[in-house]
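Accompanying notes for the structure given below.
As a basis for the values below, the full set of heavy atoms in this structure was taken, side chains included, without hydrogen atoms, waters or symmetry mates. Every chain is numbered from 1 and lettered A, B, ... according to where its sequence line falls, protein lines coming before strand lines.
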2 protein chains.
Amino acid sequence: MNDSVEIRPRRRKAGRTGCAVEATLSVMGGVWKPVLLFHLLEGKLRFNALCRLTPSATARMITLQLRELEADGIVSRTVFPEVPPKVEYALTDLGLSLAPVLLSMRDWGKQFQELEPA
Amino acid sequence: MNDSVEIRPRRRKAGRTGCAVEATLSVMGGVWKPVLLFHLLEGKLRFNALCRLTPSATARMITLQLRELEADGIVSRTVFPEVPPKVEYALTDLGLSLAPVLLSMRDWGKQFQELEPA
DNA sequence: CGGAATCCCATCCGATACTG
DNA sequence: CAGTATCGGATGGGATTCCG
């Protein structure tokens with residue numbers, strides 16, 4: 001399956017293109033990462049719980065996004081060796097430091113939803 | 001060119017999927033919108049100025065993103081009828097209300113860049 | 001339960017050329 | 001200067017199936 005060729009795609013694309021905002025986006029860019037992180041603000045969650053909280057994303061996408069967040073040190077993944085399997089995701093300290101960003105996004109979204117009757 | 005068929009793609013996808021964060025992302029989601037908006041926080045900018053401030057994006061993408069932001073009432077576009085042409089982009093009041101989100105993103109990115117020597 | 005692998009089509013987006 | 005038009009390759013991501 002693996003041709004032993006480390007692909008490593010466009011990761012770290014905008015690590016420091018000069019703009020601090022791009023650095024943030026290199027970590028939490030994408031449509032679902034902020035949503036996943038926001039849900040994790042309230043505490044650790046199992047995989048299926050995250051799926052239920054994010055119905056607009058497929059399980060596949062949630063897996064991929066979580067893997068990237070894990071690789072960036074934003075979330076931790078704990079596997080409990082039991083049957084049936086149980087995996088818990090939680091924010092790391094670094095992930096927790098994103099709280100101000102996530103909360104301001106939630107606040108703005110709440111305001112926006114109120115003035116958008118559509 | 002136009003078959004008079006309003007396509008209107010996946011816009012308004014996550015207007016109110018229940019999660020306020022998704023509502024915010026439906027407006028400022030995407031890789032370059034936050035960057036463009038952040039630059040506009042400091043005042044109105046001409047098209048080429050935005051291009052210079054966002055070298056990682058092509059002019060084409062900047063145009064498209066600005067058009068979406070304009071349609072969502074986040075930025076305004078002012079054309080000056082002179083030669084050579086001159087177009088200025090600025091935040092609307094609604095766009096300005098995104099400042100807390102943009103600033104917290106900048107703050108986090110700055111911190112992140114400092115502890116990332118790479 | 002929590003994934004990984006594969007298929008495969010829709011779209012994104014860069015490059016290029018042209019315009020008022 | 002500030003775009004638009006078009007093409008074509010790359011990518012994204014949904015659906016499905018299978019596995020420990």
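Distance CG (L64(A)) to P (dA5(C)): 11 Å, rounded to an integer number of Å. The distance between atom CD of E82(A) and atom P of dG2(C), rounded to the nearest whole Å, is 10 Å. dG12(D) atom C1' lies 12 Å from atom CD of E68(A), rounded to whole Å. Counting to the nearest Å, the C1' atom of dC12(C) and the CD1 atom of I62(B) are 16 Å from each other. Per the geometry, NZ belonging to K33(A) stands 14 Å off C1' belonging to dG12(D), to the nearest Å. Rounded to an integer number of Å, the gap from CD of E70(A) to C1' of dG2(C) is 13 Å. When the P atom of dC1(D) is taken as reference, atom OH of Y89(B) falls 14 Å away, rounded to whole Å. Atoms CG (L50(B)) and C1' (dC1(D)) sit 14 Å apart, rounded to a whole Å.
No side-chain heavy atom of D107(B) sits under 4.5 Å from any side-chain heavy atom of P100(A). When side chains are defined from C-beta on, L102(A) counts as touching M28(A), because their heavy atoms get closer than 4.5 Å.
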Sequence neighbours left out, cut at 3.5 Å: what donor-acceptor pairs do the side chains of residues 36-51 of chain A make with other protein atoms?
from: H39(A); atom 1: NE2; to: L53(A); atom 2: O; distance (Å): 3.1
from: R46(A); atom 1: NH2; to: P85(A); atom 2: O; distance (Å): 3.3

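When distances run from any side-chain atom of T63(A) to the nucleotides dG14(D), dA2(D), dG3(C), the shortest one goes to dG3(C). Of the candidates dG14(C), dG13(D), dG3(D), dG13(D) carries the atom nearest the M61(A) side chain, counting heavy atoms from C-beta on. Proximity note for V87(B) (side chain, C-beta onward) versus dG2(C), dG14(D), dA2(D): the nearest is dA2(D).
Looking only at distances, no side-chain donor or acceptor of T24(A) sits under 3.5 Å from a matching main-chain atom of W108(B).
A ring-ring contact (aromatic ring centres under 6.0 Å, His included) check over residues 57-98 of chain B, counting only residues at least two apart or in different chains, returns nothing.
At dG13(D), none of the side-chain N or O atoms of T58(A) fall inside 4.0 Å of OP1 or OP2 (strictly under the cut-off). Residue R46(B) has no polar side-chain atom (N or O) positioned under 4.0 Å from OP1 or OP2 of dC1(D).
With the nearest nucleotide of DNA chain D identified for both E88(B) and A57(A), E88(B) has the one nearer the 5' end. In terms of position on DNA chain D, the residue among R67(B) and P85(A) whose nearest nucleotide sits closer to the 5' end is R67(B).
Applying the 3.5 Å distance criterion, the base of dT16(C) shares no donor-acceptor pair with the side chain of R60(B).
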